[in-house]
Structure formats: structure tokens, C-alpha cells
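Okay, so here's the structure we're looking at.
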Amino acid sequence: PAPTPAPAPVSAGEAAPTPAPALTQTPAPTPSPGCIPSDLIIDETGASGGDEALYVCSTMLSTSLRLHWRVNSESKVDMALERLSGDGWIAIGFPSTPGMMSGAHAAVAEANVAAKFWYMPGRSSRNFVEVSASGMSLSIDGASSTTTAGKLVLRLSDVGLSDLQEAHLIYASSNDCAWPCPHGGTTTDRDGVSLNLIQGTASMSSGNDLVVELAGYGALAGIAVLAIAAALTMHLAFAGRKPSRLFQQRCAGWSAAGIVAVTFVLACLVVADVAPAAFHLGDGGNWATTEPMLVKTSGVTTGIAALTPMAFAFWKVGLHSALALSRETAWRIHGAFGVMLLLVGTVHGALAINWAGWIAIIEMVEWLFGLLGLALMWLGALPVALHACRAIRFDAWKMVHWFSVLGYVLCLVHMTALSTKHGTSRVVVVTALNFVALAAYALQRACTVTATQKLKVQHAEVISERCSQHVVLDLNAPRFKYIAGQWARLQMPGLSPVPHPFTIVPGAHPDTIRFIIKVEGRFTAALARSQLEGTIVCVDGPYGLPRVISAVPWASTVIFVCGGVGITPALSQLAAARSHGMQVLLFWSLRSPGLLQQCASLIEPHVGYDQLCISLTGDEPIPEECNRLLCGHSSGVGSRTRRDLGAWLQTVAAKSDVKQGPVLLFACGPSGLVAKARQGARAAEEAMPGMSWTVHEEVFRFLPQL
């Protein structure tokens with residue numbers, strides 16, 4: 001050190017000047033017990049005259065990024081961001097809002113390029129602005145970048161921070177694009193970190209992150225527990241015993257258990273989405289820090305919500321078969337959870353757009369895939385709303401609904417990109433489960449296609465009347481096996497690009513099956529106009545869980561209440577119920593004598609005249625051989641009087657043989673008739689408290705006109 005100069009002489013009468021205080025160098029603090037010592041030299045350029053002092057503390061931000069720092073004074077810190085391997089750029093930012101890139105200032109380093117300062121008003125790289133050191137939101141004396149042995153280091157000296165005990169930083173790096181870029185590649189590391197620079201500790205995952213993890217896994221666990229409990233309960237309910245009231249259809253085909261299950265899953269999703277944000281706000285957080293958390297949690301919740309409609313989309317073996325649910329009930333659940341998925345996904349998309357902005361969404365391909373996938377799923381669900389006003393045909397509905405599957409695939413791409421980039425374990429788990437669901441669905445669809453049989457039309461007949469028109473097809477199907485009450489899908493490539501569902505009716509011979517189809521749409525009208533006899537049609541199936549067969553162990557009586565062509569599910573089940581020793585009764589209201597004549601041979605052998613009430617309305621001539629089947633046939637002529645269903649059920653309930661055991665009422669037909677059947681069953685049960693009635697509705701409200 002240079003010698004201290006001698007003080008200047010003092011003249012007479014002058015006061016001696018106060019000597020200047022001696023300059024002292026503040027030693028670097030010793031590492032605290034929570035500090036990981038740094039091995040990085042503060043200055044490798046030699047500008048400090050050979051000073052090879054090290055940073056005091058360090059922490060690993062990711063597998064390739066390491067942060068070093070040393071506290072110089074109460075508000076000044078030297079820090080460095082070191083990349084251990086790779087090319088491209090690295091950046092360390094100082095956010096105006098913790099964890100938020102928008103509004104932050106950053107220092108950026110690239111190999112063989114001087115360090116630069118940038119202002120990022122939004123998430124889009126197009127809006128990034130290069131600034132000088134004086135344009136930063138905090139004071140920085142200097143910045144440098146060096147590359148040694150493949151390691152890129154960004155050094156900042158005397159960074160002025162307002163709070164050394166809780167300093168919030170953000171960081172990022174990329175190997176596959178030049179700065180500035182949207183850092184959308186798969187090699188990008190980007191996140192936030194909270195530092196206690198005094199104690200030398202870093203917090204990469206706060207308590208809120210733990211709540212986020214627990215909420216996500218809690219929703220998955222809750223849904224899994226519900227599925228297992230439902231499977232066990234349904235197995236006990238239908239394994240030779242009458243289903244409890246919880247599983248009996250109540251409102252629009254829904255049981256109390258179904259409504260509770262849907263509500264429970266919705267509650268799990270809401271908790272997984274809202275609980276972390278509520279915890280964070282209650283812990284002193286603000287909306288600016290809560291919004292990015294909501295984007296993440298709503299994304300995971302959307303992934304969880306996507307599993308349920310997929311689980312109930314299977315045609316043959318699936319969750320619905322494990323729960324002993326009919327395919328029709330599974331469709332209702334699929335639709336309900338599908339709407340839930342769209343709502344949760346829309347909330348996630350809206351939060352992401354509000355947080356990141358439209359430009360950032362468009363620039364980042366994986367985010368854009370998520371947005372497009374959501375739009376396609378909404379497009380695929382649109383036919384459900386159009387069906388309510390009968391504004392779409394079945395063919396168009398099925399074709400448009402495939403957009404939902406395409407949208408689901410795009411959303412999986414979105415989830416995969418985010419989980420491989422910076423996803424937590426719950427994101428990876430949810431993504432993997434969705435891949436399993438999609439793979440299982442695709443495998444079953446492939447098996448369904450390969451199992452489709454090509455059958456020859458032996459006989460085709462069109463029943464044309466003023467009131468209605470029906471098509472009767474007899475197919476030669478020696479290898480087609482089905483259970484009474486099941487249905488199949490019929491496809492004719494020349495008439496429609498999609499298969500159409502129809503109930504299987506026993507044919508005139510053991511090796512034949514029959515379809516009785518009411519003409520009420522373009523496809524069925526084309527069937528009526530076509531010459532089908534001798535042609536080849538494609539049939540896949542069978543599908544469905546016949547409720548009458550499952551009721552054999554506990555029900556002694558089955559009452560069929562049918563309207564019009566709704567008789568078709570009963571035609572095969574009449575014989576099956578009779579063969580199992582059940583008492584069979586039938587109420588059938590229709591307008592078509594031709595349909596009655598076509599079905600008479602399948603009714604008379606299994607239902608006695610005293611247990612039969614067929615009400616034929618309309619003004620069509622009644623075939624003579626059908627008179628004996630009609631209500632009031634004892635008078636010798638067929639009665640066209642419309643019988644009151646409620647009164648008939650009261651009469652039936654009073655019979656001694658019906659009183660002996662539980663009764664299953666199987667209703668299929670117009671919604672008004674089904675509602676009257678339910679009311680009549682309730683009235684009969686109230687009139688005779690000792691009797692137990694179970695109502696099963698076979699109503700296809702979800703199908704547009706065929």
C-alpha cells in the first residue's frame with residue numbers, strides 16, 4: 001500500500017482540520033450453516049488486480065443452472081448465474097411481481113457476446129426492449145459474461161436489492177434459439193426462486209407448491225376411491241340382489257348414486273383448482289402471485305377432468321361395465337363429465353390468456369396446441385346443444401363429435417410438452433394417465449372395427465301406413481351372438497358414413513337376427529327407399545347390459561311398458577324372462593297395426609291374454625288376427641280406446657300373483673309414457689306398502705333423429 005501523506009502545515013490562528021476516517025474493507029461474511037459454499041471466482045478477467053476471491057454461497061436452480069452470490073453490504077450483492085453445460089443464452093431477471101416475467105428487467109449472457117440488459121413488458125419476445133444499466137429497475141454496477149471449459153457464466157456486481165432476506169429472482173436458459181426468443185423449446189429451464197441472501201438459503205418450492213401437489217393428488221385419489229367404492233357397491237347391488245334405492249333411476253334416467261358421484265368428482269376438481277390459490281391468498285399472497293398458480297392448478301385440474309369422460313367413452317369393456325352400468329347410462333355420465341371438462345378447460349384457457357397474453361400463446365407452440373384442442377372439443381360438443389332443438393342429424397352429429405377426440409389429442413400434446421419441460425410429478429402422472437386412457441380407447445376401437453361382421457340381408461320389408469313407416473330387416477347371422485335386450489350398430493356405406501344403433505330382435509330362424517326400424521330421419525328414409533334384399537351390411541356389437549336379465553335373481557315379476565317402436569327391447573326379453581320363471585306382463589301403446597302384426601308372433605307365446613294390454617290408436621284398419629291382442633278383445637272386436645296406464649298398473653298391482661315378490665317395471669317409449677309409468681309405479685307402491693317396485697327407463701334422449 002502507498003504511504004500515508006503527511007498532513008499539511010497549519011497556519012497560526014487556524015483550526016486544525018478533522019482527519020478523514022480511515023478506509024476499511026468489509027470482509028465477506030462467513031457461510032452460514034444453511035449455505036452451500038461456492039467454488040466460483042468472482043472476477044476471472046483479472047481486472048481486480050489478481051483478486052481471486054470466491055462467491056460465498058451457491059444453489060442449484062436446475063440440473064444445468066447454478067446461482068452464486070456474496071453479500072457486500074446491507075443492500076449490495078455480487079451474484080453470478082452459471083450454466084454447467086450447453087449452448088445458447090442464460091438470463092437472470094428481477095421481477096416487479098414475484099414469479100412473473102411480465103414487467104421484469106433481466107441481464108442476459110450469450111457465449112462470446114457481452115452481457116446485455118433487457119426490459120420485458122410482456123411474455124412475447126417481440127416486445128422485449130434492450131436497455132442500459134441505468135434503465136434497470138435496480139442499481140447494478142456492472143455485468144460481464146465469460147465462457148470457460150464450456151461453462152457460460154453471467155456475473156453481476158453490486159446489485160442493489162431492497163430485501164436481502166427475501167429476494168425474488170427469475171431465471172431462464174435455452175439451447176435452441178438466439179436471444180430474444182420465446183424460449184419455447186424442450187431444453188429451456190425457466191422458473192422463479194426466493195433467496196435469503198443473509199442465511200444463504202434458496203426456496204424453489206414453497207408451502208403453497210406443496211398444497212398444489214397435495215390438491216392435485218387428492219383429486220386423483222378421491223376419484224379413484226369413488227370408482228372403487230362404486231364398483232364394489234354396484235357389484236353387491238346387482239349380484240343376485242335387488243338394487244337399493246340409491247341406484248334406482250329417479251330423474252331423467254339418473255340415480256341418486258349417479259348424482260352424488262358426479263357432484264363428488266366436481267367437488268374434487270374444484271378443491272384441486274381453488275384450494276392452493278385460497279391457501280396462498282390466506283398466507284398473505286396477492287392476485288399477481290396467485291394468478292400464475294391458478295394457471296398451473298387449473299391446467300392439472302383440466303387434465304384430471306379429461307380422464308372421466310374418456311373412462312365412460314368405451315363401447316364394450318370399460319368403467320361402465322365394471323360398475324354394472326348400461327351403455328346408455330355411461331353415455332349420460334360421459335356427457336355430464338364432458339361438459340365439466342369443457343368448463344374447467346375454458347377457465348384454464350382464460351386464466352392463461354389473461355396471464356401471458358395472446359401473442360405469447362400464439363408464439364409458444366405447445367400453448368397454441370392447448371388452445372386449439374380446447375376449441376375443437378367445444379366444436380365436438382356443439383351437437384349436444386343442437387340436438388336439443390333437433391337441428392342436426394345423427395350422421396352430422398357423429399362426424400362432428402370426432403373433433404372432440406382430435407382436440408383431446410392436441411391437448412395431450414400440450415400436456416406432454418409442459419410436463420417434459422418443467423412439469424411437476426403430478427403433471428407427469430396426470431399426463432401419463434391420459435395417455436393410458438387414450439391408448440386403451442384406441443385399442444378397443446381398433447378391436448371393434450376388426451370384429452365387425454358383414455351380414456347378408458335375407459329379407460327386407462317396408463311397412464307403409466298413413467301414421468308411420470317401418471323397415472324390417474332379416475339378416476343371416478350364424479356367428480353373431482347376443483344377449484336378449486342388447487343392441488348393435490348397423491352401417492351401410494352407400495347410405496351413411498357412420499354406423500347407426502338399433503335394438504336386436506330375434507329372427508324367424510335361430511341363425512338370423514332382425515332389426516325393426518322406424519323411419520324418422522334421412523338415413524332411415526334412405527333405408528325405406530333402397531332395395532336391400534341380398535345386399536351386404538356391416539354390423540358391430542352387440543352392446544348393452546340388459547336390465548331384465550340382471551334382475552332375474554331378485555324380481556319375480558317384470559312389467560314392460562312400451563310405446564310404438566319402443567317394443568323392440570322387450571321382444572327378445574319377453575322370452576328370456578319367461579324362461580327364467582318370471583311372470584311377464586306387457587302394456588303397449590301404438591298407432592301402427594302393421595307393426596303390431598309384425599311383432600305378434602314374438603309376444604303371444606310368452607304373455608297371456610289376461611296379462612296383456614295393447615292399446616292401438618289411430619284410424620288404420622286393424623288386421624283380424626290382431627284383434628285378440630288388443631285391450632277389450634273379449635268383446636270380439638279390437639278396441640281403439642286409449643287405456644289409462646296408471647289405472648292398468650293399479651289393477652295389475654292388485655293381482656295376488658304380482659303381490660308375491662318384487663316387481664321390475666321396464667319402460668321404453670316417449671318421455672310422456674315413461675313419466676306416466678314412473679308415476680303409476682309410485683302410486684301402486686304407495687297403495688300397497690308391502691310391494692317393492694323398481695323402474696328402469698330405456699330412453700334414448702341423447703340420439704338425434706336417425
Side-chain angles (χ1 to χ4, degrees), residues 28-29 31 35-72 76-95 101 104-118 120 128 130-133 136 138-161 164 167-181 183 185 187-195 197 200-202 204:
C35 174
I36 301 175
S38 171
D39 59 357
L40 184 66
I41 298 175
I42 293 179
D43 184 6
E44 287 186 343
T45 63
S48 59
D51 184 7
E52 294 187 352
L54 302 177
Y55 291 96
V56 175
C57 296
S58 68
T59 185
M60 291 299 298
L61 302 178
S62 68
T63 57
S64 61
L65 292 179
R66 189 177 182 186
L67 182 67
H68 308 261
W69 71 90
R70 182 183 72 169
V71 177
N72 295 331
K76 297 290 186 177
V77 181
D78 292 332
M79 61 176 55
L81 181 63
E82 178 187 23
R83 184 169 59 193
L84 305 179
S85 62
D87 299 321
W89 54 264
I90 58 175
I92 184 167
F94 306 93
M101 185 182 79
H105 288 79
V108 182
E110 295 181 83
N112 303 318
V113 178
K116 298 179 180 179
F117 300 107
W118 293 80
M120 300 171 291
F128 292 178
E130 185 176 359
V131 297
S132 62
M136 296 287 286
L138 70 175
S139 63
I140 298 178
D141 284 356
S144 65
S145 65
T146 58
T147 304
T148 305
K151 297 181 179 181
L152 177 62
V153 180
L154 169 63
R155 290 178 172 84
L156 304 178
S157 59
D158 279 344
V159 180
L161 296 173
L164 298 184
H168 299 286
L169 306 177
I170 57 176
Y171 61 89
S173 72
S174 181
N175 295 339
D176 54 9
C177 65
W179 179 271
C181 74
H183 50 74
T187 58
T188 296
D189 290 320
R190 54 191 175 99
D191 210 335
V193 59
S194 296
L195 296 168
L197 299 171
T201 58
M204 301 300 297

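In this structure, Leu81 and Ala91 approach most closely via the heavy-atom pair CD2-O, 3.3 Å. Listed here is the closest heavy atom pair of Ser58 and Pro37: OG-O, 3.5 Å. In this structure, Ser38 and Cys57 approach most closely via the heavy-atom pair CB-O, 3.6 Å. Shortest non-hydrogen contact noted between Ile170 and Phe94 is CG1-N, 4.5 Å. Contact between Met79 and Ile92 at its shortest, heavy atoms only, is SD-CD1, 3.8 Å. Taking all atoms of both residues into account, the shortest heavy-atom contact from Gly88 to Leu152 is O-CD2, 3.8 Å.
Between Asp78 and Arg70 there is a salt bridge, since a side-chain N of the basic residue sits under 4.0 Å from a carboxylate O of the acidic one.
Under the side chain to side chain contact (heavy atoms under 4.5 Å, CB included) rule, Val77 has a single partner from Asp158, Leu161, Leu156, which is Leu161.
Residues Tyr171 and Ile90 are not in side-chain contact: their nearest non-hydrogen atoms beyond the backbone lie 4.5 Å or more apart. Looking at Ile41 and Leu54, their side chains come closer than 4.5 Å, going by heavy atoms from C-beta outward. Counting heavy atoms from C-beta outward, Trp89 and Ser174 have side chains that approach closer than 4.5 Å. The side-chain heavy atoms of Ile140 and His105, taken from C-beta on, include no pair separated by under 4.5 Å. The closest side-chain heavy-atom distance from Val56 to Val71 is not below 4.5 Å. Looking at heavy atoms from C-beta onward, Met136 lies in side-chain contact with Val131 at the 4.5 angstrom threshold. Proximity of Asp39 to Arg66: side-chain heavy atoms (C-beta onward) are separated by under 4.5 Å at one or more points.
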Evaluation steps, side-chain contact (heavy atoms from CB on, under 4.5 Å), between Met60 and Leu84 | CA-CA 10 Å; Met60 291 299 298; Leu84 305 179; 4.0 Å; yes
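The distance from atom CG of Leu164 to atom CG of Asn72, rounded to the nearest 0.5 Å, is 10.0 Å. Rounded to the nearest 0.5 Å, atoms CD (Glu82) and NE2 (His68) are 4.0 Å apart.
Remark: Lys76 NZ is packed, more than 12 non-hydrogen atoms of other residues, nucleotides or ligands lying under 6.0 Å away.
The side-chain hydrogen bond (donor to acceptor under 3.5 Å, both in side chains) check on Ser157 picks up nothing, with sequence neighbours excluded.
Using the six-membered ring where Trp is involved, Trp118 and Trp179 have ring planes that are perpendicular, over 60° apart on the 30 and 60° scheme.
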